Novice: 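Mind looking over this structure? Questions follow.
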Protein chains: 2
Amino acid sequence: MQQAWEGGIMANIKDIAKLAGVSVTTVSRVLNGHPYVSKAKREAVLQAMETADYERNINAVHLSRGRTNLIGVVVPYITRPYFGMVVEGIADEAIKDNYKLVLIQSNYEAERELDALMMLKLKQIDALIICSRTCSWEIVDEYVQYGPIIVLEDGRGHQVSSIFMDHYQSFTRALTYLRGKGHYKIGYCLARQSSPNSNLRESAYRDFYMNRNEAYNHDYMFYDCVQLEDGEWIMQRILKMDDPPTALLVTSDQVAAGILSFCRENGIEVPGQLAIVGFDNQPIARMMHITTFEIPLVEIGRRALLQAVDGSQAHEEIHLNLIERQTV
Amino acid sequence: MQQAWEGGIMANIKDIAKLAGVSVTTVSRVLNGHPYVSKAKREAVLQAMETADYERNINAVHLSRGRTNLIGVVVPYITRPYFGMVVEGIADEAIKDNYKLVLIQSNYEAERELDALMMLKLKQIDALIICSRTCSWEIVDEYVQYGPIIVLEDGRGHQVSSIFMDHYQSFTRALTYLRGKGHYKIGYCLARQSSPNSNLRESAYRDFYMNRNEAYNHDYMFYDCVQLEDGEWIMQRILKMDDPPTALLVTSDQVAAGILSFCRENGIEVPGQLAIVGFDNQPIARMMHITTFEIPLVEIGRRALLQAVDGSQAHEEIHLNLIERQTV
DNA sequence: GTAATCTATGAAACGCCTTCCATGTCAAAC
DNA sequence: GTTTGACATGGAAGGCGTTTCATAGATTAC
């Protein structure tokens with residue numbers, strides 16, 4: 001299918017070659033900045049491109065090279081600030097390396113993630129960054145042969161690159177910190193019940209109590225806590241308890257903010273009656289003075305992109321810092 | 001460049017044709033679900049594809065078709081909830097139509113937006129949705145010939161599709177509403193000083209006061225207000241005023257939330273001392289009971305994608321509804 | 001002075017799929 | 001009994017760069 005061009009037809013490399021009186025090879029060399037082109041011919045080619053208003057057919061380049069300079073990014077929901085920040089970092093870095101991003105919003109549906117993996121297989125994207133995995137490792141492992149896959153969770157033991165946080169340690173630290181402040185009845189709010197990160201956190205919690213030979217209350221565990229609004233039902237449930245927790249580890253500042261907001265409106269003193277530790281250090285945590293673990297999400301996004309471009313396998317662990325503010 | 005394949009080489013359509021004993025045309029027909037293929041051959045082809053673990057080279061398809069099923073989306077910052085919600089809508093709808101998104105974060109740099117326009121020209125994307133424009137109309141107009149361009153602002157008079165809000169009317173309505181509540185000293189907080197949407201709002205403001213032969217105070221106008229944190233400096237400035245505004249039109253719920261939060265912490269009564277009207281109806285507005293104009297951002301994103309796919313030119317105007325809560 | 005390099009250049013192969021056009025069969029229509 | 005149209009199938013012409021290989025003159029090396 002020929003392309004429209006002002007006054008005729010979109011020029012292609014052949015036309016340019018003819019116009020400049022050289023071979024297509026030479027034009028290609030000029031196009032790609034290869035050496036071994038005489039100054040005279042280079043100029044003739046540039047002139048011809050100018051005259052014909054030439055633009056490379058990028059799809060032909062992709063076909064020929066077998067690469068697209070496109071990198072896939074899978075996020076469950078782009079509206080969640082956590083993922084927004086990661087994508088921001090990825091996008092910032094992508095520009096520098098002349099990559100573009102293909103955004104795949106998975107809604108945590110395996111099928112959509114599979115779609116993204118398939119794009120990698122079909123070489124529509126050069127690499128894939130999975131910000132929160134839905135597919136099983138078995139499936140992901142099948143696709144590593146087609147290109148770099150980067151995950152934001154502990155990927156050691158798999159042929160992927162990964163950049164992940166020390167959730168076990170952070171949770172342990174948070175628990176110790178709260179214990180130091182006299183809290184024994186500590187609850188937590190997680191996002192997905194059985195995500196890799198959640199598992200890590202739950203083991204940290206279990207171990208913390210087991211190591212001390214103490215029992216813990218299953219009512220203090222909340223799942224599917226992801227957004228502001230979730231603060232409300234969490235607190236409603238806590239209010240109904242005979243023996244409510246005195247502290248809450250909340251793995252998203254959004255949820256922490258929702259909880260805190262509810263408390264303020266309902267006269268529940270924070271940290272007096274309820275201490276709150278958030279995660280992420282999002283703007284809202286700063287605004288509401290929430291004590292939280294800082295996660296350098298933008299930076300993580302950047303590094304993920306670099307890993308994607310680099311292609312060599314690596315595993316980076318990120319240590320989180322606790323920022324003490326006013327909710328503990 | 002041949003592709004690796006288990007035990008040899010990635011099969012291509014020719015291999016399949018040979019394996020199935022048919023022509024490549026027939027294979028292509030099966031691949032694309034065209035009619036006029038006998039059941040026997042169709043099955044033979046499917047069998048062959050199975051055997052050879054065939055996958056189409058998507059880049060070849062793109063080259064051949066001159067389309068990529070990719071749609072570009074330009075947003076200044078993906079972390080801003082406003083754009084996050086729009087992109088969410090776009091992504092939701094894109095999946096249904098089997099389109100993927102290429103995300104271009106412009107940071108309001110014209111060059112990056114130009115990059116996106118260039119992708120359209122090079123047919124790397126089939127259409128482009130510009131959520132907040134940076135380039136001049138002259139430039140955009142040049143690129144409409146290469147494919148559908150959709151803008152989220154009033155695009156009437158240009159060869160683009162557009163979906164936009166009645167900002168003039170909404171602002172007028174908000175002002176009337178506040179006046180009805182006894183407010184004369186009304187200020188506003190805008191994002192970019194000279195964006196199309198801001199201009200609309202400023203004219204509404206000016207007209208409102210001019211029509212009444214009243215003067216207005218230039219100190220009451222705040223620009224570059226986009227995120228939570230901006231609430232603070234806005235309020236700091238207001239606190240320093242001898243004659244501060246009694247009401248504020250804030251064109252982002254994020255900023256409104258920041259302002260409200262500051263007020264609560266500093267004993268400024270809302271709406272007693274300061275009334276606040278937000279825009280967007282984001283989750284945070286619901287949580288903080290902010291009176292706000294609802295903008296159906298996700299739905300707008302959806303429609304934008306539909307316009308992109310559809311390709312026919314259209315201009316949709318969206319009317320905003322005021323949601324009365326507790327800040328006026 | 002001759003071998004080894006470097007510089008320049010182009011033909012042709014390669015990446016791979018879609019689609020137009022031509023051809024042929026078979027059954028329904030008149 | 002012939003015409004018409006639906007159904008089937010394949011050849012070949014696109015769509016367009018990149019890259020390998022071959023060739024040859026110009027230098028440099030020893």
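Within every chain, numbering begins at 1; the chains are lettered A, B, ... in the order of the sequence lines, protein sequences first and strands thereafter. The shown structure was predicted, so the numbers you read here are calculated from the model rather than taken from an experiment.
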Novice: Using a cut-off of 4.0 Å on non-hydrogen atoms, how would the nucleic acid contact of B:S38 be classed: base, sugar-phosphate, or nothing?
Specialist: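 Sugar-phosphate only.
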Novice: At 4.0 Å (heavy atoms only), tell me whether A:N59 reaches a base, stays on the sugar-phosphate, or touches nothing.
Specialist: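 No contact.
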Novice: Starting at atom CD of B:Q124, determine the distance to atom P of D:dG17, rounded to an integer number of angstrom.
Specialist: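 So the CD-P distance, B:Q124 to D:dG17, works out to 14 Å.
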Novice: Can you check whether any acceptor in the base of D:dG17 is under 3.5 Å from a donor in the side chain of A:R29, or vice versa?
Specialist: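 No pair found.
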Novice: Find the distance A:L31:CG to D:dC16:C1' and express it as a whole number of Å.
Specialist: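 Between C1' of D:dC16 and CG of A:L31: 11 Å.
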Novice: Would you say B:S64 places a side-chain N or O within less than 4.0 Å of OP1 or OP2 belonging to C:dT18?
Specialist: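 Looking at the OP1 and OP2 atoms of C:dT18, neither is under 4.0 Å from any side-chain N or O of B:S64.
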Novice: Need one value for A:R56: base, sugar-phosphate or nothing, where a base atom within 4.0 Å counts as base even if backbone is also close, heavy atoms only.
Specialist: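 Counting heavy atoms under 4.0 Å across all strands, the contact made by A:R56 is with sugar-phosphate only.
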Novice: Within the 4.0 Å heavy-atom criterion, would you say B:V27 contacts the bases, only the backbone, or no part of the nucleic acid?
Specialist: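 B:V27: no heavy atom of the nucleic acid under 4.0 Å.
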Novice: Does any part of the side chain of B:Y54, heavy atoms only, come nearer than 4.5 Å to the side chain of B:I13, both counted from C-beta?
Specialist: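 With C-beta onward as the side chain, the pair touches.
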Novice: Any side-chain N or O of B:Y54 under 4.0 Å from OP1/OP2 of C:dC17?
Specialist: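 Checking C:dC17 against B:Y54, a side-chain N or O does come within under 4.0 Å of OP1 or OP2.
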Novice: Whole Å only: how far is the NE2 atom of B:H34 from the P atom of D:dT9?
Specialist: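 Atom-to-atom, B:H34 to D:dT9, this comes out as 15 Å.
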Novice: Could you tell me which residues satisfy ring pair (Phe, Tyr, Trp, His ring centres under 6.0 Å) with B:H34, sequence neighbours excluded, listed by chain and number?
Specialist: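 Testing B:H34 for ring pair (Phe, Tyr, Trp, His ring centres under 6.0 Å), a comparison that skips the adjacent residues, returns none.
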Novice: Just the rounded figure in Å: distance from P of D:dG17 to CZ of A:R65.
Specialist: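 Distance check: A:R65 CZ to D:dG17 P gives 12 Å.
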Novice: Going through the distances and angles, do B:K39 and B:E43 end up as a salt bridge (charged side-chain N to carboxylate O under 4.0 Å, His left out)?
Specialist: CA-CA 6 Å; B:K39 203 173 170 190; B:E43 235 123 72; 5.3 Å; no
Novice: Using the ring of each side chain (for Trp, its six-membered ring), is A:Y108 parallel, tilted or perpendicular to A:Y77, with breaks at 30° and 60°?
Specialist: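 Judged by the thresholds at 30° and 60°, the geometry between A:Y108 and A:Y77 is perpendicular.
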Novice: B:I13 has an atom CD1; how far is it from atom C1' of D:dT9, in whole Å?
Specialist: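 To the nearest whole Å, that distance equals 14 Å.
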Novice: What's the CG-P distance between A:N32 and C:dA8, to the nearest Å?
Specialist: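 Going from A:N32 (CG) to C:dA8 (P), I get 17 Å.
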Novice: Hey, which of these two, B:V61 or B:R42, hits DNA chain D nearer its 5' end, going by closest nucleotide?
Specialist: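 Its nearest nucleotide being more 5', the pick is B:R42.
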Novice: Mapping B:S28 and A:K41 to their closest nucleotides on DNA chain C, which lands nearer the 5' end?
Specialist: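 Its nearest nucleotide lies further toward 5', so the answer is A:K41.
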Novice: Looking only at side-chain N and O atoms, does A:Y36 come under 4.0 Å of OP1 or OP2 in C:dA8?
Specialist: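 Checking C:dA8 against A:Y36, no side-chain N or O comes under 4.0 Å of OP1 or OP2.
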Novice: Using the side chain to side chain contact (heavy atoms under 4.5 Å, CB included) rule, pick out the option among B:V102, B:I149, B:L128, B:V151 that qualifies with B:V74.
Specialist: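 By the side chain to side chain contact (heavy atoms under 4.5 Å, CB included) criterion, B:V74 pairs with just one of B:V102, B:I149, B:L128, B:V151: B:L128.
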Novice: Take atom CG of B:L122 and atom C1' of D:dG17, then tell me their distance rounded to the nearest Å.
Specialist: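 After rounding, the gap between these two atoms is 13 Å.
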Novice: Round to the nearest Å and state the distance from A:K14 atom NZ to C:dA11 atom C1'.
Specialist: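 In whole Å, C:dA11 C1' lies 12 Å from A:K14 NZ.
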Novice: Using a heavy-atom cut-off of under 4.0 Å over every strand shown, decide if B:T26 touches base, sugar-phosphate, or nothing.
Specialist: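 Here B:T26 touches the backbone only, sparing every base.
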Novice: Base, sugar-phosphate or nothing for B:T25? Non-hydrogen atoms, less than 4.0 Å.
Specialist: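 Counting heavy atoms under 4.0 Å across all strands, the contact made by B:T25 includes a base.
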